[in-house]
Amino acid sequence: MKRDLAKLSRKEYDLLVIGGGISGLCTAWDAALRGLSVALVEKGDFAQATLAATLRVVHGGLPYSRHLNLRRMRQCLRERAVLMRIAPHLLHPLPFLLPTYGHGEQGIEVLAIAMLVNRLMRFDGNQLHDRQKSIPNGRLISRYRCRRVLPGLEQSRLTGGAILYGAQMCNLERLSLSFARSAAEAGADVANYAKVVGFSLDGRRVRRAKVEDVLTGEEFEIQAKVFANITGPWSNIVLGLTRYRPPERTVIRSKGIQIVAPPLCEKYAFGIRSKDRHSRALARGRRLLFVAPWRGRSLIGASYAPYKGDPDDFSITEHDIAEFVVEVNAAYPGASLKREDVSFWHGGLRPRTHESIGRDLLTASLKSEIRDHARRDHIQGLISVVGAKYSTCRLLAEKAVDLVFRKLGYSHPPRTLTKRKPVFGGRMERFENYARRVLRERPDGISENAMRRLIHNHGSEYRRILRYVEEDAGWGETVPGSEEVLKAEVVHSVREEMACRLTDVVMRRTDLGCLGHPGEAALRACADIVAAELGWDEARWKKELAEARMVFVPGGVR
Ligand SMILES: Cc1cc2nc3c(=O)[nH]c(=O)nc-3n(C[C@H](O)[C@H](O)[C@H](O)COP(=O)(O)OP(=O)(O)OC[C@H]3O[C@@H](n4cnc5c(N)ncnc54)[C@H](O)[C@@H]3O)c2cc1C
């Protein structure tokens with residue numbers, strides 16, 4: 001995957017995707033696989049925005065049972081099975097404990113009915129070759145058992161609980177890159193650090209996008225027949241660049257953060273009811289906080305608050321973290337978290353589309369939107385796609401590409417291939433067997449930990465990293481301070497994965513920064529390798545290091 005901006009202005013594409021979050025990347029992959037010529041531009045690094053806030057949970061649609069929305073429930077179940085099939089190295093089953101309170105809406109009886117409906121809806125939801133990845137049915141547990149698993153729970157009105165099963169997207173950054181690489185492999189021309197700053201229109205038809213190379217400040221144009229604005233919280237800003245932004249089209253944003261804390265429960269993820277005032281106001285008191293075991297710690301999220309500023313100014317402040325710690329302790333008294341227990345924080349903005357205004361936040365956050373601006377706003381050649389969930393983005397992309405085909409004049413679009421085709425790195429039959437075999441055959445000098453990480457993060461493409469170790473044995477060493485991340489991964493991320501900045505390597509290509517500051521020695525060692533690969537001078541090296549350090553300071557930007 002090479003960043004070649006000159007190529008982007010050489011031809012007219014069928015489709016230009018604006019936004020390299022997961023929805024844009026999936027759309028580019030689907031469209032390229034179906035034979036369209038596709039370009040994608042992302043103003044920052046791939047999947048650097050809302051993805052950071054994602055709780056990494058793929059549920060089976062149980063939240064939709066309260067509205068008896070069986071269609072959405074089926075979609076969630078199917079898409080979960082699809083994701084587990086096409087990215088077997090990056091998704092793994094996750095048991096989940098949901099305590100119940102009283103005998104009303106949050107009671108055990110209502111949950112029992114919801115689980116029964118969900119089980120009926122799964123009649124074909126588990127058809128995976130890899131039996132090790134089958135998601136078991138849930139079961140109810142007693143109040144006593146619930147207290148044994150989660151002794152820190154609030155006891156009053158506790159009536160029991162349910163053990164449910166979902167999946168965890170263990171490394172969302174790598175999963176998103178797999179989609180980017182899949183798109184590039186299918187023929188899409190993708191580029192990060194390329195920002196759409198304007199459009200050229202012919203009357204009310206969009207003809208070209210003006211794009212700025214964020215790394216150099218140079219501008220160029222990309223021609224396409226259809227433009228897909230898939231910029232999440234920025235979507236109304238990008239729409240405004242047409243100068244024909246419909247006045248009623250607003251995207252309201254809410255800010256969500258999550259924290260990385262010491263493990264609160266090692267075996268189960270669990271849900272606890274938030275008592276936060278925004279939760280009461282925006283989600284009618286129904287919002288759950290999720291605590292999930294993740295890399296030996298707990299990932300706890302998400303806080304919600306309305307966000308009124310510019311999405312480019314988003315950051316997580318010391319105040320946000322401190323407030324969220326109070327919220328977690330109120331919801332789960334046994335946590336007894338202190339601010340200093342929090343090793344890191346993630347966050348992002350959730351867009352609420354025009355259609356969802358007026359609904360409560362919880363319902364609104366489950367809504368995605370595909371909008372053809374020709375029909376509603378008389379702007380030709382432009383669609384907007386707003387994703388609501390990472391786990392259903394493939395389906396959203398499929399529908400968006402169907403619309404693109406119709407706009408290109410095809411009455412019967414070819415069928416999507418993304419339901420069955422493995423993502424880049426996902427070519428294996430049974431993950432556990434595959435991992436065991438690769439571990440047995442690991443080359444001398446590569447530790448078991450490092451090898452296991454390589455298989456989990458790169459799946460069937462792990463050999464690409466080992467090739468760099470063959471080129472230079474020194475790259476087979478781990479980065480100082482890490483027991484798992486090989487120097488070869490840093491080289492690989494620059495040469496094959498379009499890492500342009502030190503933060504791209506530390507935050508999204510390797511695991512170095514996922515739990516917090518990886519240590520000064522690790523940052524410097526990475527900066528040295530990237531500098532040698534990209535020819536940075538000392539001033540750039542210092543600037544990159546300073547920016548990378550800021551990521552781990554509250555208020556810093558990623
Ligand atoms: C707190 C929280 C928790 C969540 N938890 C879960 C979960 O557990 N499971 C789940 O499935 N989903 C979850 N989600 C939802 C999920 O994170 C989002 O649906 C998903 O990440 C949205 O991806 P996207 O590509 O639509 O948007 P984004 O990731 O926001 O991507 C839009 C991209 O467009 C780019 N862009 C903007 N302007 C321009 C421009 N002018 N030119 C070029 N590029 C531009 C941005 O840089 C950005 O990268 C959660 C969301 C939040 C907020």
Side-chain angles (χ1 to χ4, degrees), residues 16-28 39-59 63 76 79-80 83 91 94 166-169 172-173 175-176 179-180 190-199 209-212 214 222 227-241 251 253-258 269 287-290 292 299-305 307 310-312 314 316 324 345-353 361 365-369 384-394 396-397 400 508 558:
L16 172 65
V17 175
I18 306 164
I22 189 57
S23 311
L25 293 170
C26 258
T27 304
L40 176 144
V41 287
E42 159 57 48
K43 77 182 173 77
D45 191 19
F46 302 116
Q48 61 149 39
T50 314
L51 169 106
T54 308
L55 277 165
R56 295 155 199 266
V57 176
V58 188
H59 62 67
C76 286
E79 287 307 304
R80 183 175 72 189
L83 268 182
L91 274 97
L94 177 73
Q168 190 172 41
M169 302 179 277
L172 272 182
E173 293 73 12
L175 182 57
S176 308
F179 281 105
V190 304
N192 53 2
Y193 298 105
K195 177 179 181 179
V196 169
V197 290
F199 291 107
K210 291 182 196 162
V211 181
E212 179 192 312
V214 175
I222 303 179
F227 295 78
N229 167 19
I230 316 188
T231 53
W234 287 265
S235 59
N236 61 336
I237 296 174
V238 170
L239 187 57
L241 298 174
V251 170
R253 305 172 186 96
S254 61
K255 173 173 179 170
I257 78 161
Q258 50 182 285
R287 188 165 67 81
L288 283 183
L289 295 179
F290 289 100
L299 193 60
I300 312 175
S303 77
Y304 276 102
Y307 183 85
D310 183 329
D312 280 329
F314 172 84
I316 301 165
F324 191 47
W345 45 88
H346 308 265
L349 297 171
R350 221 189 248 277
R352 295 174 64 192
T353 57
L361 180 72
S365 67
L366 301 174
K367 291 259 163 204
S368 54
E369 181 188 80
S384 284
V385 180
V386 181
K389 289 211 82 57
Y390 193 104
S391 47
T392 49
C393 62
R394 192 215 60 83
L396 183 72
R508 287 170 292 277
R558 250 161 245 185

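Numbering of ligands and ligand atoms starts at 1, following listing order.
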* Heavy-atom nearest neighbour of atom 46 (C) of ligand 1 within options Glu42, Glu79, Met169 -> Glu42
* Numbering the atoms of ligand 1 from 1, which are under 4.0 Å from a heavy atom of Ala302? -> 1 (C)
* Sub-4.0 Å heavy-atom contact, Ala388 with ligand 1 -> yes
* Going by the atom numbers of ligand 1, which of them fall below 4.0 Å from some non-hydrogen atom of Ala49? -> 30 (O), 48 (C), 49 (O)
* Asked: Could an N or O of ligand 1 be found under 3.5 Å from any N or O of Asp45, whether backbone or side chain?
  -> no
* Asked: Do Asn229 and Trp234 have a side chain donor and acceptor closer than 3.5 Å?
  -> no
* Start with the C-alpha distance between Val197 and Leu241, add both sets of side-chain angles, then the distance that settles side chain to side chain contact (heavy atoms under 4.5 Å, CB included), and finish with yes or no. => CA-CA 7 Å; Val197 290; Leu241 298 174; 5.6 Å; no
* Looking only at heavy atoms, is any part of Val386 under 4.0 Å from ligand 1, and if so is it the side chain, the backbone, or both, or is it neither? -> neither
* Asked: Hey, is ligand 1 close enough to Val238 that some N/O pair sits below 3.5 Å?
  -> no
* Asked: Backbone N or O of Thr392 within a donor-acceptor pair of the Glu79 side chain at under 3.5 Å?
  -> no
* Asked: Quick one: nearest non-hydrogen protein atom to atom 31 (O) of ligand 1, plus distance?
  -> Gly21 CA, 3.4 Å
* What protein heavy atom is closest to atom 2 (C) of ligand 1, reported as residue, atom name and distance in Å? -> Ala53 O, 3.4 Å
* Do the side chain of Glu212 and the main chain of Val214 share a donor and acceptor less than 3.5 angstrom apart? -> no
* Asked: Taking distance alone, with no angle check, do Lys195 and ligand 1 share an N/O pair under 3.5 Å?
  -> no
* Asked: In Å, rounded to the nearest 0.5 Å, how long is the span from OG1 of Thr54 to CE of Met169?
  -> 6.5 Å
* Structure fact -> Value for SG (Cys393) from CG (Leu175), rounded to nearest 0.5 Å, stands at 8.0 Å
* Could you tell me whether the side chain of Val196 reaches within less than 4.5 Å of the side chain of Val41, counting heavy atoms only? => yes
* Asked: Has the side chain of Arg253 got a donor or acceptor atom that lies under 3.5 Å from a matching backbone atom of Pro233?
  -> yes
* **Atoms in ligand 1 with a heavy atom of Val41 nearer than 4.0 Å** => 43 (C), 44 (N)
* Please say whether Gly256 places an N or O atom under 3.5 Å from an N or O atom belonging to ligand 1. => no
* To do: Would you please say whether a donor-acceptor pair under 3.5 Å links the side chains of Ser23 and Tyr390?
  => no
* Structure fact -> Short version for Trp234: what comes under 4.0 Å of ligand 1, heavy atoms counted, is side chain
* For atom 12 (N) of ligand 1, closest protein heavy-atom neighbour -> Tyr390 N, 3.1 Å
* Just by distance, with hydrogens left out, do Tyr304 and Arg350 show a side-chain donor and acceptor under 3.5 Å apart? -> yes
* To do: For Ile18, counting its heavy atoms only, list the atoms of ligand 1 lying under 4.0 Å from any of them.
  => 42 (N), 43 (C)
* **Identity and distance of the protein heavy atom lying nearest atom 43 (C) of ligand 1** => Lys43 N, 3.3 Å
* Any donor-acceptor pair under 3.5 Å linking the side chain of Ser176 with the backbone of Leu172? -> yes
* For Ser303, what residues pass the side chain to side chain contact (heavy atoms under 4.5 Å, CB included) criterion, not counting sequence neighbours? -> Ile257, Phe324, Glu327
* **Derivation of the side chain to side chain contact (heavy atoms under 4.5 Å, CB included) call for Leu16 and Leu40** => CA-CA 6 Å; Leu16 172 65; Leu40 176 144; 5.8 Å; no
* Asked: What residue and heavy atom of the protein are closest to atom 32 (C) of ligand 1, and at what distance?
  -> Thr231 C, 3.5 Å
* Structure fact -> Note: Gln258, heavy atoms under 4.0 Å from ligand 1, region reported as neither
* Asked: What is the closest protein heavy atom to atom 17 (O) of ligand 1, and at what distance does it sit?
  -> Thr54 OG1, 2.5 Å
* Asked: With a 4.0 Å cut-off on heavy atoms, is Ala194 touching ligand 1?
  -> yes
* Would you kindly specify which portion of Ile230 sits under 4.0 Å from ligand 1, judged on non-hydrogen atoms: side chain, backbone, both or neither? => backbone
* Asked: Side chain, backbone, both or neither: which part of Ala47 has a heavy atom under 4.0 Å from ligand 1?
  -> neither
* Give the numbers and elements of all ligand 1 atoms closer than 4.0 Å to a heavy atom of Leu51. => 21 (O), 29 (O)
* Please check if the side chain of Gln258 supplies one atom and the backbone of Leu299 the other of a donor-acceptor pair under 3.5 Å. => no
* Asked: Got a sec, which pairs hit salt bridge (charged side-chain N to carboxylate O under 4.0 Å, His left out) with one end in residues 45-56, sequence neighbours left out?
  -> Asp45-Arg508, Asp45-Arg509, Arg56-Glu173
* Which residue supplies the protein heavy atom nearest to atom 26 (O) of ligand 1, what is that atom called, and how far is it? -> Ser23 OG, 2.6 Å
* Atom indices of ligand 1, in the order listed, that fall short of 4.0 Å to a heavy atom of Pro233 -> 30 (O)
* Protein residue, atom and distance nearest to atom 28 (P) of ligand 1, heavy-atom basis -> Thr50 OG1, 3.3 Å
